[in-house]
Each structure stands twice: as C-alpha cells, then as structure tokens.
Participant: 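So that we are looking at the same thing, I have put the structure below in structure tokens.
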2 protein chains.
Amino acid sequence: MPKTVLSEAQEDYLKQILLLSPSASETPEGPGDPVSTQGLAERLGVRPASVTGMLKKLSELRLVEYEPYRGVRLTESGHKVALEVLRHHRLLETYLHQALGYGWEQVHAEAERLEHHISEAFEQKIAEWLGHPERDPHGDLIPTVELALPKNAQAKKLLAVVAGKTATIVRVATQDTGSLNLCTRLKLKPGSVLAVLEHQLEGVRIQVHQDHFLLPSSLAELLWVVEA
Amino acid sequence: MPKTVLSEAQEDYLKQILLLSPSASETPEGPGDPVSTQGLAERLGVRPASVTGMLKKLSELRLVEYEPYRGVRLTESGHKVALEVLRHHRLLETYLHQALGYGWEQVHAEAERLEHHISEAFEQKIAEWLGHPERDPHGDLIPTVELALPKNAQAKKLLAVVAGKTATIVRVATQDTGSLNLCTRLKLKPGSVLAVLEHQLEGVRIQVHQDHFLLPSSLAELLWVVEA
DNA sequence: TGCAAGGTTTAGGCATGCCTAAAACAGTTC
DNA sequence: GAACTGTTTTAGGCATGCCTAAACCTTGCA
Ligand SMILES: [Mn+2]
Ligand SMILES: [Mn+2]
Ligand SMILES: [Mn+2]
Ligand SMILES: [Mn+2]
C-alpha cells in the first residue's frame with residue numbers, strides 16, 4: 001500500500017498514464033508501454049514541466065517507474081489505483097445515464113470530477129443498482145470489482161470492415177460533446193446495426209436503420225464494431 | 001457575482017458560518033449574528049490562525065464582513081453561496097438515503113465531500129427524483145431552489161415538552177454515527193411519535209411505540225418535536 | 001484601575017500543484 | 001561526428017491552505 005489517499009491530481013495522472021498506454025488499457029495484464037511527458041501534458045492540460053514534477057513524486061511513491069527522458073509506466077500498485085479510478089469513472093457515467101437520465105454526451109464531465117470523491121460504498125451501491133454492467137454509455141469496458149479490465153475481444157474499427165458487411169457498434173471512442181450529439185442524430189450508438197456500403201476517400205458510405213449516408217472519416221474513426 | 005468558482009475550503013467556511021450563526025440558519029433572512037474565530041476553528045478542525053487567514057480572503061471577495069477581534073458574518077452573496085452548499089449537502093443526504101439505501105448515520109460523511117463536486121444539473125436531477133423534499137433524513141430543512149431556508153415553525157426541543165404530552169419527532173440534531181445508531185435502535189427518528197412520561201435529573205422518561213425508558217439528557221438534547 | 005486569562009492575529013514555514021524561461025538531452029540528418 | 005530539432009528537465013516563482021510560536025487585544029475580576 002503506497003499511501004492512504006492520493007490527491008485528485010495524482011489520480012488523474014495515473015489514470016491518464018493507463019489510458020495512454022495501449023498495451024495496459026487494451027489488454028488486462030502488465031505494466032504497459034512507456035508514456036511520454038508531452039503526451040501526458042497534452043491530455044492533462046498542463047505544461048510538460050509540471051508533468052516532470054509530478055512523475056518524480058509518483059515515482060517516489062512507487063506508483064510509477066520513471067526514467068528521465070525515457071517515459072513512465074505504471075507499477076503494479078499504480079496500475080491498481082488507475083483501474084480503481086477508471087472503474088469509478090465508468091460506473092458513474094453509466095449511473096448518471098441510466099439512473100438520472102443524463103445524455104451520453106453529458107456524463108463525462110460530471111464523472112471526471114466525481115470519480116475522485118465517491119467512497120467505495122458509493123461505488124458498490126451504484127454497481128449493484130446497475131447490475132454490475134460491463135460497459136459504460138460509450139461502450140468502454142468497465143474494470144471489474146477485482147480490478148480486471150476485460151478485453152475487447154473481437155471489436156475492430158469500422159474503417160476495417162469491408163464493403164458489403166454488416167456490423168454492430170460496440171463503442172464510440174470519444175468524449176467530445178459535439179461528436180456525440182452528431183452520433184445521436186445519426187443513430188450511431190452502441191447496439192446500432194449498420195451496413196457498410198462503400199469506402200470512399202472522404203469516409204464510408206453506410207446504412208443505419210433506413211438511412212444511408214456518407215460518414216466522414218473523422219467520425220468513422222471513432223466507431224468500433226463487431227461484425228454481424 | 002464574487003467569483004466563478006470557490007474552493008472546497010472556502011465553501012466549507014461559508015457553510016459553517018451559516019450553521020454557527022443561529023439567526024441566519026434558524027430564520028430565513030438577514031446576515032445573522034457574528035461568529036467567532038475559535039468557533040469556526042473547532043467546527044472545521046483547523047487552528048484559529050488558519051481561520052483568520054481565510055476570513056481575510058473571504059472578506060476581500062465580499063463574501064463575509066470581517067471585523068478583527070469582533071467576528072464574521074455573511075454578506076448577502078456569501079449567504080447565497082452558503083445556502084447553495086447546504087442545499088447540495090441535504091439533498092445529497094436525502095438521495096443517498098432514499099435512492100441508494102444508505103443509513104441515515106452514513107449519509108453525512110459522503111455528502112460532506114460530494115456537496116462541493118456536483119453540478120447544478122446533478123442537484124436538479126436528484127431534487128426531481130426525490131420530488132423536491134423539504135427535509136433531509138435527520139429532519140433538517142433543505143434550502144429551496146430559490147435558496148430560501150424555510151423556518152422550523154412550531155418545532156421545540158423535547159426537553160421543553162411537559163410531562164403528559166405527546167409529540168412527534170421532526171428532527172434529530174446530530175451527525176454523530178454512534179448517537180444516530182442508538183436512536184435507530186430506540187426507534188427515535190423523524191416521524192416517530194412519543195409520549196413524555198416524566199422529567200428526571202438524568203433525562204426524560206418517555207414511551208415510544210410499546211417501549212418506555214429513560215432517555216438520557218445527552219440524547220434528549222438532540223430531539224426536536226412538534227406537539228401532537 | 002490594573003492585570004491575568006483567553007481568544008485572536010501576525011510572522012514565518014511547509015506541502016501541493018501549477019506556471020515560464022532557460023538549460024540539457026536524444027535522435028535524426030548531413 | 002557535428003549540428004539541428006524537438007522533447008524533457010531544471011530553476012525560480014506564485015497561489016492555496018494548512019501549521020506553530022509569539023505578539024497582541026479584550027474582558028472580566030480584583
Ligand atoms: Mn478526474
Ligand atoms: Mn466513457
Ligand atoms: Mn464539505
Ligand atoms: Mn442532515
């Protein structure tokens with residue numbers, strides 16, 4: 001056990017290291033690939049110099065392994081903390097959506113703050129109320145109570161689906177309010193079934209329900225699907 | 001408008017000034033009686049010197065009127081902020097109790113943190129879900145959306161009820177887990193009807209449901225009732 | 001009126017977490 | 001292998017909010 005309680009900033013750093021480290025967030029085990037100071041600075045909205053300072057502190061707490069100029073990766077205990085925060089975040093998003101009627105474009109901002117301030121009792125209560133959900137409103141996987149992050153088995157990017165195939169959206173990989181609102185209008189959300197008609201330079205022509213249209217690459221990029 | 005966003009510490013100071021100022025928390029209007037540095041220090045769990053520092057800052061923000069050696073009182077805008085925080089707190093307690101099944105002895109600690117981190121949208125959602133309740137689980141009055149604190153009309157302390165009378169508990173004035181658990185076991189909660197049998201030195205002999213027993217003054221002190 | 005006691009403020013410090021500017025480094029390119 | 005470029009770290013600062021110790025008021029009681 002490193003420390004009884006970490007600051008909000010420390011928790012956000014750890015969570016962001018997890019999210020930036022593909023092999024740590026996409027697969028369940030292991031410390032993940034090293035993450036750069038600059039990458040963290042951009043995601044956290046602070047300057048690189050501030051990141052360096054925090055990494056030193058987290059390193060002393062044995063929550064990360066930090067090699068100057070080489071990047072950071074989570075230690076075993078840092079990984080646990082990051083998953084705990086991520087679980088709070090995604091459970092909260094799901095609860096706000098299901099229990100309180102928040103739109104899926106609104107949940108992220110509220111969860112981003114609350115994730116640091118709810119107790120384990122609160123986590124437990126909402127997880128039970130929700131029936132221990134697997135995914136949040138955007139289709140992101142929720143770490144389990146045991147802090148295992150299930151893997152996204154057969155999910156692939158929409159752009160990797162060949163024309164003629166049908167697929168079901170499982171994940172919309174953004175928190176951007178504008179994009180999410182657009183997706184809502186186009187009926188593109190987890191569970192939606194679509195047919196890939198044709199790939200073009202500017203995007204993919206698809207059919208959803210009765211509509212068909214050209215989905216710009218910028219949006220198509222965000223969609224993860226499983227083929228029917 | 002003093003400032004877009006206040007710190008958690010600032011909000012707690014303002015709320016505590018409100019709660020310590022009888023005429024401000026028991027009656028709806030006015031700035032209330034001045035509150036002492038030491039009183040605040042005790043309630044907030046900090047040293048008096050720290051309080052002095054914060055009062056200077058709040059005074060510059062025009063949230064309080066602070067006269068060195070004389071005490072503080074809330075300004076109009078400080079009063080609004082304090083009521084907003086108090087509304088968050090009491091709505092949260094009520095929601096945790098009703099929607100998530102928290103015991104009334106557990107709600108305070110959770111609400112104490114969350115009150116600073118929920119959005120106005122969240123406040124609105126839970127207020128609606130609850131049907132705009134008047135009181136929290138302890139019987140404390142919840143400030144309205146317009147930030148008016150209703151007054152506790154005919155409520156009086158149990159100790160002021162003469163023997164032979166019957167009364168209904170409207171408020172249990174503590175957040176102490178032990179006392180609240182004890183009250184639970186004795187079936188002393190808002191809504192409970194009791195008969196005052198006899199006043200003694202060590203407390204009051206009362207009857208609740210089928211039981212009658214001597215209620216020690218320390219507990220009796222906490223009970224506010226309306227006579228039947 | 002004078003003083004002691006208790007409450008309050010000032011002075012000086014510490015930790016956190018952010019910033020800018022400047023120095024140091026790593027990886028690539030000639 | 002030296003220079004360039006972009007990244008990262010160091011150095012120095014600022015704001016917040018807490019602390020202790022010491023000086024300072026205010027009061028109430030001789
Ligand atoms: Mn966060
Ligand atoms: Mn999400
Ligand atoms: Mn609080
Ligand atoms: Mn209460």
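Computed from a predicted structure; not experimentally measured. Chain naming here is simple, since letters A, B, ... match the order of the sequence lines and numbering starts at 1 in each.
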Participant: Any pair with a residue in residues 41-57 of chain A that passes salt bridge (charged side-chain N to carboxylate O under 4.0 Å, His left out), sequence neighbours left out, goes on the list, sorted by first then second residue, please.
Facilitator: none

Participant: In residues 37-45 of chain B, which residues come under 4.0 Å of DNA chain C by heavy atom?
Facilitator: B:Thr37, B:Gln38

Participant: Please produce a list of atom pairs where a protein N or O lies less than 3.5 Å from an N or O of nucleotides 22-29 of chain D.
Facilitator:
| residue | atom | partner | partner atom | Å |
| --- | --- | --- | --- | --- |
| D:dT27 | OP1 | B:Arg70 | NH2 | 3.3 |

Participant: Separation of B:Asp12 atom CG from D:dG17 atom P, in whole Å?
Facilitator: 11 Å

Participant: Tabulate atom names and distances for all N/O pairs under 3.5 angstrom spanning the protein and nucleotides 10-15 of chain D.
Facilitator:
| residue | atom | partner | partner atom | Å |
| --- | --- | --- | --- | --- |
| D:dT10 | OP2 | A:Lys56 | NZ | 2.5 |

Participant: Which residues satisfy the ring-ring contact (aromatic ring centres under 6.0 Å, His included) test with B:His88, sequence neighbours excluded?
Facilitator: none

Participant: A:Asp176: which residues meet the side-chain hydrogen bond (donor to acceptor under 3.5 Å, both in side chains) condition with it, sequence neighbours left out?
Facilitator: A:Ser179

Participant: Using side-chain hydrogen bond (donor to acceptor under 3.5 Å, both in side chains) as the criterion, list what pairs up with A:Glu60, not counting sequence neighbours.
Facilitator: none

Participant: Tell me, please, which residues at least two apart from A:His117 pass ring-ring contact (aromatic ring centres under 6.0 Å, His included).
Facilitator: B:His117

Participant: Is any side-chain heavy atom of A:Leu215 closer than 4.5 Å to a side-chain heavy atom of A:Leu158?
Facilitator: yes

Participant: Listed by chain and number, what are the side-chain hydrogen bond (donor to acceptor under 3.5 Å, both in side chains) partners of A:Thr174, not counting sequence neighbours?
Facilitator: none

Participant: Can I get a per-line list of side-chain donor-acceptor pairs under 3.5 Å for residues 94-102 of chain A, giving both atom names and the distance, sequence neighbours left out?
Facilitator:
| residue | atom | partner | partner atom | Å |
| --- | --- | --- | --- | --- |
| A:Thr94 | OG1 | A:Arg90 | O | 2.7 |
| A:Tyr95 | OH | B:Tyr95 | OH | 2.6 |
| A:His97 | ND1 | A:Tyr102 | O | 2.8 |
| A:Tyr102 | OH | A:Glu110 | OE1 | 2.9 |
| A:Tyr102 | OH | B:Phe122 | N | 3.2 |

Participant: Want to settle it: does A:Ala9 or B:Ser50 sit nearer the 5' end of DNA chain C, counting the closest nucleotide to each?
Facilitator: B:Ser50

Participant: I want to verify a distance call: between D:dT8, D:dG17, C:dC19, whose nearest atom is closest to the A:Ser36 side chain?
Facilitator: D:dT8

Participant: Name every donor-acceptor pair, under 3.5 Å, that has one atom in a side chain of residues 133-142 of chain A and the other anywhere in the protein, sequence neighbours excluded.
Facilitator:
| residue | atom | partner | partner atom | Å |
| --- | --- | --- | --- | --- |
| A:Arg135 | NH1 | A:Gly139 | O | 2.6 |
| A:Arg135 | NH2 | A:Asn152 | OD1 | 3.0 |
| A:Asp136 | OD1 | A:His138 | N | 2.8 |
| A:Asp136 | OD1 | A:Gly139 | N | 3.1 |
| A:Asp136 | OD1 | A:Asp140 | N | 3.0 |
| A:His138 | ND1 | A:Glu93 | OE1 | 3.1 |
| A:His138 | NE2 | A:Trp104 | O | 2.9 |
| A:His138 | NE2 | A:Gln175 | OE1 | 3.3 |
| A:Asp140 | OD1 | A:Arg171 | NE | 2.6 |
| A:Asp140 | OD1 | A:Arg171 | NH2 | 3.3 |

Participant: Residues two or more places apart in sequence or in another chain: which of them pass side-chain hydrogen bond (donor to acceptor under 3.5 Å, both in side chains) with A:Glu67?
Facilitator: none

Participant: Output the rounded distance in Å from NE2 (B:His116) to C1' (D:dT16).
Facilitator: 16 Å

Participant: Look at the side-chain N and O atoms of B:Ser7 and state whether any lies under 4.0 Å from the OP1 or OP2 oxygen of D:dT16.
Facilitator: no

Participant: Would you mind telling me which of C:dT8, C:dT16, C:dC19 lies closest to the side-chain atoms of A:Lys57?
Facilitator: C:dT16

Participant: According to a strict under-4.0 Å criterion, is B:Arg47 in side-chain N/O contact with OP1 or OP2 of D:dC18?
Facilitator: no

Participant: Hey, is the main chain of A:Glu65 close enough, under 3.5 Å, to the side chain of A:Arg73 for a donor-acceptor pair?
Facilitator: no

